[in-house]
Peer 1: 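Take a look at this one; I'll ask things after.
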Amino acid sequence: MPAEQPPPGAAPSAEQPPPAEPGFDAVCRQVREIGGWLTEAQAATLWHEARAVPPGGVIVEIGSHQGRSTVVLAAAAPQARVVAVDPFVGGAMFGGLATREKFLANLDRAGVAERVELRQAKSTELRPSWTEPIDFLYIDGKHDYWTLSDDLRWSEFLPAGGRLCIHDAYSSIGVTLGLLRHVLAGSRLRYLDRTGSLARFEVAPAGAPVTRADRLRILAELPWWLRNVGIKVLLRLRLYPLARLVGHADRADPY
Ligand SMILES: C[S@@+](CC[C@H](N)C(=O)[O-])C[C@H]1O[C@@H](n2cnc3c(N)ncnc32)[C@H](O)[C@@H]1O
């Protein structure tokens with residue numbers, strides 16, 4: 001699990017300090033063995049948010065892959081139920097049904113399988129029939145504009161002041177366009193901050209409407225987004241030295 005390095009020239013990110021709890025260290029050791037893209041600093045952010053879920057609460061995760069973030073959420077919140085939504089799409093990146101087996105084995109190994117309910121479905125197909133209140137929402141599913149736009153509608157099940165995190169925010173084109181359309185131009189969700197590409201939002205409570213300053217915080221992330229898109233293009237073209245010149249030494253996308 002790579003530690004998140006702030007890229008040179010990046011907008012400041014509000015990273016949560018690693019929790020000073022033995023449980024977090026243990027879960028980090030476990031999830032290092034699980035394939036995925038969530039960094040340790042991002043795991044800390046999810047950990048903090050999941051800890052705040054009330055007893056008997058519900059955490060919904062859209063996009064689970066091999067269970068890296070699922071294990072973090074379930075380990076952080078033994079008081080809650082975690083619903084993991086993933087159709088386990090095929091292809092070289094996500095691996096199809098073999099990934100489902102890895103997901104189940106990883107949860108079992110981490111001792112959290114009992115508290116995670118897997119819904120093997122596309123988030124967009126499950127949402128219209130969903131009725132339960134949600135206490136924390138994590139979105140890391142399909143990254144196109146249309147799916148992200150639909151996934152944001154899961155936040156309608158959060159209470160006022162409820163939190164959601166989105167991975168690949170200001171990194172993926174589809175996710176970022178969805179955020180511009182529905183968060184920047186909307187009035188229900190407030191952007192808080194990000195840990196790398198893991199962005200935190202809250203449902204604006206009654207009496208604390210989304211302000212111009214909240215919207216400006218989103219606009220301030222756009223240079224970082226353009227940089228990340230540029231780096232992705234360089235990586236696809238295998239122009240690794242050029243990517244290094246703009247501060248990205250890794251061959252993996254900026255997360
Ligand atoms: C980036 S991975 C998730 C990584 C995971 N959160 C982690 O930390 O390891 C994206 C996942 O989204 C899933 N996915 C693709 N389309 C989806 C959809 N429409 N609804 C829910 N999940 C979807 C893929 O099968 C894949 O497992």
Side-chain angles (χ1 to χ4, degrees), residues 11-17 19 41-63 69 72-73 76-83 85 123-124 126-141 145-171 174-225:
S13 73
E15 288 198 359
Q16 301 282 354
Q42 293 168 346
T45 299
L46 290 186
W47 177 275
H48 277 284
E49 294 299 331
R51 297 294 268 185
V53 167
V58 175
I59 295 173
V60 170
E61 170 184 77
I62 295 174
S69 49
V72 173
L73 292 169
Q79 77 283 10
R81 186 163 64 91
V82 178
V83 179
V85 182
S123 52
T124 47
L126 187 61
R127 186 192 54 74
S129 61
W130 186 267
T131 54
E132 265 188 89
I134 297 173
D135 296 280
F136 175 63
L137 174 63
Y138 179 44
I139 300 178
D140 189 16
Y145 168 83
W146 297 273
T147 307
L148 189 275
S149 299
D150 197 275
D151 285 351
L152 284 171
R153 296 193 56 190
W154 283 81
S155 68
E156 292 166 14
F157 297 95
L158 290 167
R163 294 278 173 83
L164 65 147
C165 286
I166 302 179
H167 202 244
D168 290 305
Y170 317 117
S171 164
V175 172
T176 309
L177 291 180
L179 292 175
L180 295 179
R181 169 67 186 84
H182 300 287
V183 183
L184 179 66
S187 55
R188 217 175 56 81
L189 297 175
R190 166 181 290 116
Y191 170 51
L192 298 173
D193 51 36
R194 65 177 171 82
T195 307
S197 75
L198 185 101
R200 291 193 314 144
F201 301 84
E202 72 171 10
V203 178
V210 174
T211 64
R212 181 192 291 245
D214 294 326
R215 294 183 207 282
L216 285 176
R217 266 202 315 284
I218 297 179
L219 293 175
E221 299 292 9
L222 296 188
W224 192 68
W225 173 46

Peer 1: Can you spot which of Arg217, Glu202, Glu221 makes a side-chain hydrogen bond (donor to acceptor under 3.5 Å, both in side chains) with Tyr191?
Peer 2: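 The residue from Arg217, Glu202, Glu221 that satisfies side-chain hydrogen bond (donor to acceptor under 3.5 Å, both in side chains) with Tyr191 turns out to be Glu221.
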Peer 1: So, taking the atom named NE2 in His182 and the one named CZ in Arg153, what distance separates them when rounded to the nearest 0.5 Å?
Peer 2: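 If we round to the nearest 0.5 Å, His182:NE2 and Arg153:CZ are 9.5 Å apart.
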Peer 1: Measure from the side-chain N and O atoms of Arg200 to the backbone N and O of Asp193, and report whether any donor-acceptor pair falls under 3.5 Å.
Peer 2: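 Not confirmed, Arg200 side chain does not pair with Asp193 backbone.
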Peer 1: Is there a side-chain contact between Val83 and Ile134 (heavy atoms, below 4.5 Å)?
Peer 2: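 Of all side-chain heavy-atom pairs linking Ile134 with Val83, none is under 4.5 Å.
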Peer 1: Go through the side-chain N and O atoms of Asp150 and Thr147 and say whether any donor and acceptor fall under 3.5 Å apart.
Peer 2: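 No, because no side-chain N or O of Asp150 sits under 3.5 Å from a partner of the opposite role on Thr147.
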Peer 1: With side chains defined as the heavy atoms from C-beta onward, is the minimum distance between Ser171 and Asp168 less than 4.5 Å?
Peer 2: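 When only atoms from C-beta onward are counted, Asp168 and Ser171 do touch, with a gap below 4.5 Å.
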Peer 1: Looking only at heavy atoms, which two atoms of Trp224 and Ala169 are closest? And how far apart?
Peer 2: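 Closest approach of Trp224 to Ala169: CZ3-O, 3.9 Å.
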Peer 1: Taking the side chain from Gln79 and the backbone from Val53, do they hold a donor-acceptor pair closer than 3.5 Å?
Peer 2: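 Checked: pair present.
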Peer 1: Can you label the angle between the Trp154 ring and the Trp130 ring as parallel, tilted or perpendicular, going by 30° and 60°?
Peer 2: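 Tilted, since the angle between the ring planes falls between 30° and 60°.
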Peer 1: Work out which heavy atom in Asp135 is nearest to a heavy atom in Pro54; give both atom names and the distance.
Peer 2: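 Looking at all heavy atoms of both residues, the shortest contact is OD1-CG, 3.7 Å.
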Peer 1: Tell me the closest heavy-atom pair linking Leu152 and Arg188, and the distance in Å.
Peer 2: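 Shortest heavy-atom contact: O-NH2, 4.1 Å.
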Peer 1: When you compare the side chain of Leu158 with that of Arg163, does any pair of heavy atoms fall below 4.5 Å?
Peer 2: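 Arg163 vs Leu158: side chains apart.
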Peer 1: What is the distance from atom CD of Glu61 to atom NE2 of His167, rounded to the nearest 0.5 Å?
Peer 2: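 One finds 11.0 Å between CD of Glu61 and NE2 of His167.
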Peer 1: Can you check whether Glu49 reaches Cys165 side chain to side chain, under 4.5 Å on heavy atoms?
Peer 2: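 Heavy-atom side-chain distance check passes, below 4.5 Å.
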Peer 1: Hey, are the side chains of Leu73 and Phe136 touching, using non-hydrogen atoms and a 4.5 Å cut-off?
Peer 2: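 Sidechains of Phe136 and Leu73: in contact.
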Peer 1: I need the minimum non-hydrogen distance between Leu164 and Ser155, along with the two atoms involved.
Peer 2: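 Residues Leu164 and Ser155, closest heavy atoms: CD2-CB, 4.2 Å.
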Peer 1: Calculate, to the nearest 0.5 Å, the distance between atoms CG and CD1 belonging to Leu137 and Ile166 respectively.
Peer 2: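 Going from CG on Leu137 over to CD1 on Ile166, the span is 7.5 Å.
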Peer 1: Using a 4.5 Å cut-off on heavy atoms from C-beta on, say whether the side chain of Leu177 contacts that of Trp225.
Peer 2: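 Yes - at least one pair of side-chain heavy atoms lies under 4.5 Å apart.
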Peer 1: Between Ala76 and Ala50, which heavy-atom pair has the shortest distance, and what is it?
Peer 2: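 So the two residues come closest at CB-CB, 3.8 Å.
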Peer 1: Between Arg190 (side chain) and Pro209 (backbone), is there a donor-acceptor pair under 3.5 Å?
Peer 2: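 Yes.
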Peer 1: At what distance, to the nearest 0.5 angstrom, does CG of Leu148 lie from CG of Leu179?
Peer 2: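 Between Leu148 CG and Leu179 CG, I get 5.5 Å after rounding to 0.5 Å.
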Peer 1: From Asp140 CG over to Leu198 CG, what is the distance, rounded to the nearest 0.5 angstrom?
Peer 2: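 One finds 8.0 Å between CG of Asp140 and CG of Leu198.
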Peer 1: Which atom names give the shortest non-hydrogen contact between Leu180 and Ile218, and what distance separates them?
Peer 2: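 Scanning both residues completely, I find the closest heavy atoms to be CD2-CG2, 4.0 Å.
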Peer 1: Could you state the interatomic distance from CG (Asp214) to CG (Leu184), rounded to the nearest 0.5 Å?
Peer 2: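 Going from the CG atom of Asp214 to the CG atom of Leu184 covers 10.5 Å.
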